[in-house]
Amino acid sequence: MSIIRRSSSSSSSYLPSSPIKFLNHRHHHQTSSPSFLSIETLFKKCKTLRNLQQIHARIIQKGLEQDNFLISQFVCLCNSFSNITYAFSVFNRVSQPNLCLWNSIIKGHCEKSSLSNTISIFNRMKQSDMVPDTYTFPPLIKSCSKGLALREGKILHGLVVRYGVEADIFVRTSLIDLYGKCGEIKFARMLFEEMSERNEYSWTAMIVGYANFGDLGSARKLFDEIPCRNIASWNAMIDGYVKFRDFRSARELFEQMPKKNVVAYTSLIVGYAEVGDMATARFLFDQMPDRDIVVWSALISGYVQNGRPHEAVKIFFMMLGENIKPDEFIMVGLMSACSQVRNLELAKWIDSYLTRISIDIRRVHVAAALIHMNAECGNMERATSLFEGMPKKDLISYCSMIHGLSIHGAGAQAVCLFDRMVAEGVTPDDVAFTVILAACSHSGLVEEGHRYFNSMKNDYSIVPSPDHFACMIHLLGRAGKLQEACELIKSMPEEPHAGAWGALLGACKLHSNVKLGEIVALKLFEIEPQNPGNYVSLSNIYAAIDRWYDVSEVRRRMKEKQLRKLPGCSWIDDGFFPFEQNQEHTNL
DNA sequence: CTAGGGTTAG
């Protein structure tokens, strides 16, 4: 009360139609009783970071920077705006922070900073003779649980016991959550059993533990026993079923929910997307009464994962139409979609849009997606400048760049970059080799291809996958070494997949090798009878040497099987997408 | 002589 009371006796403690703009308009008309607002009231009305800065100015102006009560509130508000740096700088000016203030600053770091940072603040707190209480531990333990840092969590558990706060329901719930998430389900259960009182939080934490562990039976048993069921308990149980692909039980429970919320919908949508059932995912999405950013994101990345980038882009613009501001997750999804459709105009728009909505493109997954998108869409100049600007280049970004160079015909540069990557100490994996082999085959670099194929096996002990073989076959086939390609395909340990045979068929077409082409085509008709492309290839082979009877024969068989060449997609002119599609990318 | 903590979805 000190501030408020003490303040109220002196006029300086009030805010007379203050310089704090966000309050001015509200009191502008109350001319009869001029407004006098305490800092405490200002906190309640504080809506933006700007407001908070204004309050901060006022605190300094009044010389209240050392006031633990006010600074605590300030820190909490700062936390809610996710601005931990600001909170910390203000905190650091307080010479004698009290327990509550320490707890607040720790909580803020738990949410936004790294675990080691947070723990070092906790250590500073202990060094200044502050005794942690029941409020100190839950956020600390929670951040261990988030990072699955069981070792650190156990140390904290030890301290919990030492400071005698293990009976506290909040502390205990956070410990149950920690052990449950880290798979120490026995420990979690023990702590749960020993509780003198439990509430919906502790029950749910325990259910989550079992659900993550895959013991859905025990999870369900608890769920049915809960005296105090919560919407989070329902969500946890449903998500457990979804994670372990028991969609029947998940849906059954979902239908029984008294009030279905976004979280439950999102769990289901993510699950259906993961198993490739976009129809059901979309069905659920469409029937939602209201949608938040997370569920939009789930749907977009669902479409991306299932190779339907056009749908993803549509959904994105639908979302903009509903005036929802996209976040990082959404934009990463959109960028993956754009990479798949390879539309340079869209890529350019996204690139500038990111800055417009102030998304931090230095964050790793954003940067990676952005480089990938520019590379895929043919803006190698932009991709290169982003890539070279990265402080630490990782395998993913290298691969994006190499693939970008590859698909735009710069095989030699791709090879250089791959070698630079290895020289820089980044270890290539199987995907990296697929990318470089594809680059070699695309540019006809037979010798380099052989070199990488051997290096992969000898230097990195990577067993060549069907994809690796397919790249080599493509490479040899296009170079006219059909014999070698055939030998390679015969040497494959596993049954060659359609990609390998398809590469060979393409080579036969290229070099007008009818005899081999016929054999390979027959093989392909067997492996993927539904793919019209193989029939088209064979008929092209015949057409190239004027065997028109055979051409019509193949066409007839194709018709017989009711196969048609896939129509080009027409998503551009249905009004969702504001750009022209660019067919050729010649930015190299 | 105030205030600060734990469970659910991308």
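Throughout, a chain's letter reflects where its sequence line sits, starting with A, and its residues are numbered from 1.
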(message) Under a 3.5 Å distance rule, please check whether A:Asn261 uses its side chain to pair with a backbone N or O of A:Ala264 as donor and acceptor.
(response) yes
(message) Using a heavy-atom cut-off of 4.0 Å across all strands, would you classify A:Leu268 as base, sugar-phosphate, or nothing?
(response) nothing
(request) Spell out yes or no: do the side chain of A:Asn199 and the base of B:dG6 have one donor N/O and one acceptor N/O closer than 3.5 Å? (result) yes
(message) Looking only at the side chain of A:Pro139 (C-beta and beyond, no hydrogens), which of the listed nucleotides B:dT8, B:dG5, B:dG4 gets closest?
(response) B:dG5
(message) Nearest to the side chain of A:Ser202, heavy atoms from C-beta on, is which of B:dG6, B:dT8, B:dG10?
(response) B:dG6
(request) Quickly work out the A:Asn235 CG to B:dG10 P distance and round it to whole Å. (result) 11 Å
(message) So, under a plain 3.5 Å distance rule, would you say the side chain of A:Asp168 forms a donor-acceptor pair with the base of B:dG5?
(response) yes
(request) Measure from the side-chain N and O atoms of A:Glu111 to the backbone N and O of A:Ser82, and report whether any donor-acceptor pair falls under 3.5 Å. (result) no
(request) Tell me whether A:Trp203 is stacked on the nucleobase of B:dT7, counting only the six-membered base ring and applying the 5.5 Å and 30° thresholds. (result) no
(request) Check whether NZ of the Lys or CZ of the Arg A:Lys260 lies under 6.0 Å from the centre of the six-membered ring of A:Phe254 and within 45 degrees of that ring's axis. (result) yes
(message) Need one value for A:Ile106: base, sugar-phosphate or nothing, where a base atom within 4.0 Å counts as base even if backbone is also close, heavy atoms only.
(response) nothing
(request) Please determine, by modelled atom types, if A:Ser400 and A:Ser397 share a side-chain donor-acceptor pair under 3.5 angstrom. (result) no
(request) For A:Cys76, report the nucleic acid contact type (base, sugar-phosphate, nothing); a contact means any heavy atom under 4.0 Å. (result) sugar-phosphate
(request) Rounded off to whole Å, could you give me the CE-to-P distance for the A:Met206 and B:dT8 pair? (result) 13 Å
(message) B:dT8, OP1 or OP2 - any side-chain N/O from A:Lys181 closer than 4.0 Å?
(response) yes
(message) Just the rounded figure in Å: distance from P of B:dG5 to CD1 of A:Ile141.
(response) 15 Å
(request) Answer with yes or no whether the side chains of A:Asn117 and A:Ser120 bring together a donor and an acceptor at under 3.5 Å. (result) no
(request) Find the distance A:Lys146:NZ to B:dA9:C1' and express it as a whole number of Å. (result) 15 Å
(message) From C-beta outward on A:Val294, which listed nucleotide comes closest to its side chain: B:dG10, B:dG4, B:dG5?
(response) B:dG10
(message) Could you check whether the side chain of A:Ser297 and the base of B:dG10 have a donor-acceptor pair of N or O atoms closer than 3.5 Å, going by distance alone?
(response) yes
(message) Using OP1 and OP2 only, check whether a side-chain N or O of A:Lys107 sits under 4.0 Å from B:dG5.
(response) yes
(message) Students often get this wrong, so: under 4.0 angstrom with heavy atoms, is A:Ser72 touching a base, only sugar-phosphate, or nothing?
(response) base
(message) With a 3.5 Å cut-off and heavy atoms only, can you find an N or O donor on one side and an acceptor on the other between the side chain of A:Thr173 and the base of B:dG6?
(response) yes
